[in-house]
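A short worksheet on the structure shown next.
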Amino acid sequence: MIVAAEGSVFVNGPYLLAPKTDSMIIAWEGSQSVPATVWYGPDKDRLDAKLTVSPDPNAPLFQGSRMNLYYAKLDRLTAAEKGTRYFYRVELEGGQSISASFSTLGTNPGATKIVSLSDSHVFSTRAKFDADVKAINPALIIHTGDLVEGTGAQTDQFTFWFKGKLANDFIHNFPVVYSAGNHDQGGDYFNAYVYGIQDAEYGGTVKGNSSFDYAGAHISLMNSNPWGLFQMNSEATGKTADAETIRAIQDSLAWLKSDLASEKAKSAAFRILTMHHPVSEAYTKRYIPPIAEPGKVDLLLGGHWHAYSRQVSENPEVGAGTVYLTHQDARVHSKKGDYFVIDLDAANGLMTVKNLGSESTEAKTELANTTIIAKDKQQLSWSNISITPRDILSNGEVTVSAVVKNEGKGIAAAVLPVEDNGQQRYIYKFDGAVTFLEPGKSATLKGSLPLAALGVHKLSLAGTSAEINVAFRKATFEYSRLRTRLGDGPVSDVLGNALFVKADVRNIGNEAGTATAELIVAGKAVGSKRYSLQAGQSKTIEFSHVFDRAGNYDVRIGNSESQTVFIDGSIQGMPIVRDKSGNANDAYIHGAPELGVDGNGKTTLILDGKRDYLEIPDTGRYKVTDAATGMVWANLPSKGTTKGGLTELVEPYTDGKGAVHDHNPLMLKGIGLGWGTPYLFRMAVRETGKVTYGVCLDDDNGEFSWNDGSDPQFGIKKDTWVQYTSAFDFESGGDSYQNGVRSAGVAKPVFGNAPVKNWEGSPMRIGHGFKNTLLTNRNRGMYYTMLPGAISQVRFYTTKISAAENDAIRSNPSMANDSAKHLKIWLDFEPSSLVTTGSHTTEWIAISAAPRTLDYKAMFGGNAKVTAVVQVSDNQQTVKRQKKFSLLSGEKTLDLKGLGKGRYARIVTELVSDLNKTESNVPVVHEYVLKSGTQEKRWNTLADWKKGTFNLAAGYQSGDDYRNHGADFADFSGKADSPDAAP
């Protein structure tokens, strides 16, 4: 029970750390620095033992004050086979008290249960989790990281996890062991709450890495942030990790290798490894399997991706010997899983992992899936075996098929182990993926095995043999590893029309020959080269191709797999919002948003969440040195949604299309919203309805971010006009406000003196951004994300404004305010601020005859307009004659008879956009074809249009802004081999 009183109260806890057979740590945080007493004993009605505790004098400072953290070690407890039940009461002198209980770990508990979860963040599942844990009654809980929603520098966010919501909350009664997540970093606080105790109790010699043994399992807890956060932060944005980070990685990996080589680990029935970043994360995949799999790790538990997955070793000799499970998350309810229950039965050599979830707090908890891991691995049998054909050419393939059955008690990964003339070979992936077999299940599988050496190959599988005759093959060529790049820079120019393509060609024949390699674009050969190759030799081929029309093109070399290349085109009206700050940081309006009116009669811009956003180019006139403040007045919708007012207008993300319903940006400068340090400044709405804020600093710790607090009044106010403000400086940290209410704050950065990462050249955007893994060869995040809602004003300062000044601006949105000299961007959408007319002028082109016709394709509606002026000149300076036309929507031809001859010609296009309150329209010109005598000049691709000039409210829209890319452009480095003479 909780007894309330005046005086100190529990900010966090009491919570239980580092469980052992004969001891337990009780930790808590109080609101005041007062002595505390812990009473405890095995009899609930007679707590005889007493321990007096004072706040830790070495606890970290938060906002200038020492945190009131307490640690009480109850040792010399009675050890027992099944564990011993103890009751305790923590009393804060003159204040609150809490009573609870716990069980020590059993010395020989037999079959037991462990609960594991990850990414609890705002922990909306807490009430359901609390009830379920009490019903399950696990010996302990494993948390694989991300206790907070914002950052570990926000100590108030740790209450999401550590503060009990009920008098008998699970946090008071069940011990938890931890691996830190990326959100938990940002200061000394996670160390104070967890690692300082956990490492000391379990003998950890590398921060965050420790292990203990229980119920026949050796459980290793790892901190994956050195590679999954810090190294990733550096390398994702083109830098290298610093020496401290590299040393931390090396120390961690050395610790893991040593830990798994210990006698306790080797003698355990099972080895469980926990960390935040799962094996599907590139850096974990790089570092962990080469140690974990030889170390006989049975199960790796991770999180981070908020998506359940089950994987096994990529090594067919290991298969399901190591199973990698990734939690869905415990942040919000999901039928795909909220937590795991691990039934550990070492005596019978079984570990059963049940993934449980529910749709809501009220809904029934249901089983999403089960993974059974047995001590005896990969117990497979094979029957109905077929090996065909019996005669093939060199480097051809035989097809091996069999019924594969899992004869074991645990999950297995299907494999066809084929002996080839005494050499063991494996067919492991079927239709490109590993096939899981549950205990007792079977599947009919077939795969291919290439054979190169001439002569007879005796192939054997489970007692079935076949002799395959491999015959001489004439010179034959196969093409593979297609790589593409747009433009000739290290980062692809997604707006360009120059394509570079590489592939490898290999002679799979048994004699030398000459390959005629063809570049195939949209099914047609557009180039060819000859290469002489010896038998078995490979060479790298490179082609280039320039497109004269926009579109999506399938590209390949020879018989390689194809890739789709996107070539942008067209010019369009692009209304401008004039910057009222006087710094000429004008914004371009993308899409065709309607105009609206707010409650004060001010004009607003209504973003549809599909195409509409604002872009403020980087002029160099809003560079941040040591402070920044962003403000966006927005009215975000709520119709038809239960998750924060975003999803009903955003095109669903399915099959690689549509925007992502998360991190919807109010304001962003940079190439991404997270996953490294890809931005200067951000304010974005999470799927939960909370807003996240941040700046990035130029080091590998450098995403300095924070999120709205847990109070229900924090987060977006649906269908309500809100002034969203984020303010930062190095001295006082970050603060955020929503209509003047401080929704979050974080102390100053602890990252040293790293400068702000300005992301020079990247624009600031309102309503559009990229998220998830950074694609370095595209210079952007993997997915795009949009913001639906109305915007009435945008501001950006290169200083941190105060709460009082923020209130003053909110009260009078038309004032420049006290920090006017630092106000670098100030946008509103009154008619006087909007420019809707602009122009594009092509480059002068040489002509040999008088222009005859101009073919065009243009699309527009409403009151949008397009006017084209065709001009001729003899000196590219003085216009000799011209003809002016008002274009119609569609594909048309203009008669230029009478224009007369000149040495040069060009086209001036005036574009008038129509922004209104019902259905806005912007004009788009897709193509011009100017015909002069026998000469034709086409303007179609964006690269063509960009040879000319844009003026005022005219521009172009990158189609890449609305594309999701599951993969980056491939590494294009390396020199291609020189071809023979052209065929």
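Residues: numbered from 1 along the sequence shown.
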Considering non-hydrogen atoms only, spot the tightest contact between [X] and [Y] and give its length.
{"X": "Gly496", "Y": "Ile567", "value": "O-CD1, 3.8 Å"}
{"X": "Met683", "Y": "Met631", "value": "CE-N, 4.0 Å"}
{"X": "Ala816", "Y": "Leu823", "value": "O-CD2, 3.9 Å"}
{"X": "Ser762", "Y": "Asp618", "value": "O-CB, 3.4 Å"}
{"X": "Pro923", "Y": "Phe860", "value": "CA-CB, 3.6 Å"}

Give a yes or no answer on whether the side chain of [X] reaches the backbone of [Y] with a donor-acceptor pair at less than 3.5 Å.
{"X": "Arg881", "Y": "Leu899", "value": "yes"}
{"X": "Thr629", "Y": "Thr799", "value": "yes"}
{"X": "Arg331", "Y": "His306", "value": "no"}
{"X": "Ser920", "Y": "Pro593", "value": "yes"}
{"X": "Lys757", "Y": "Tyr679", "value": "no"}
{"X": "Ser581", "Y": "Lys824", "value": "yes"}
{"X": "Asn583", "Y": "Arg621", "value": "no"}
{"X": "Glu830", "Y": "Thr603", "value": "yes"}
{"X": "Thr941", "Y": "Asn497", "value": "no"}
{"X": "Tyr962", "Y": "Arg611", "value": "yes"}

Quick check: do [X] and [Y] have side-chain heavy atoms less than 4.5 Å from each other?
{"X": "Leu894", "Y": "Val870", "answer": "no"}
{"X": "Met667", "Y": "Ile825", "answer": "no"}
{"X": "Gln793", "Y": "Lys602", "answer": "no"}
{"X": "Lys669", "Y": "Tyr622", "answer": "yes"}

Taking 4.0 angstrom as the limit, do [X] and [Y] come out as a salt bridge?
{"X": "Arg938", "Y": "Asp944", "answer": "no"}
{"X": "Lys865", "Y": "Glu910", "answer": "no"}
{"X": "Glu703", "Y": "Arg682", "answer": "yes"}
{"X": "Lys800", "Y": "Asp735", "answer": "yes"}

List the steps and the verdict of ring pair (Phe, Tyr, Trp, His ring centres under 6.0 Å) for Tyr956 and Phe950.
CA-CA 9 Å; Tyr956 52 85; Phe950 295 90; 5.6 Å; yes
Quick one: OG on Ser814 to CG on Asp828, what's the gap to the nearest 0.5 Å?
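Ser814 atom OG to Asp828 atom CG measures 9.5 Å (nearest 0.5 Å).
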Centroid-centroid under 6.0 Å between Phe885 and Tyr856 rings:
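Judged by ring-centre distance (under 6.0 Å), Phe885 and Tyr856 do not meet the cut-off.
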Does the ring center of Tyr797 lie less than 6.0 Å from the ring center of His822?
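Not under 6.0 Å, so no.
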Any chance you could lay out the side-chain hydrogen bond (donor to acceptor under 3.5 Å, both in side chains) test for Asp598 and Thr604, step after step, and finish with the verdict?
CA-CA 6 Å; Asp598 67 11; Thr604 68; over 6 Å; no
Start with the C-alpha gap between Thr842 and Tyr928, add the side-chain angles, then the distance that decides, and say whether side-chain hydrogen bond (donor to acceptor under 3.5 Å, both in side chains) holds.
CA-CA 10 Å; Thr842 68; Tyr928 284 144; over 6 Å; no
Would you mind telling me which of Arg963, Lys946, Arg549 makes a salt bridge (Lys or Arg N to Asp or Glu O under 4.0 Å) with Asp568?
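For Asp568, the salt bridge (Lys or Arg N to Asp or Glu O under 4.0 Å) check succeeds only for Arg963.
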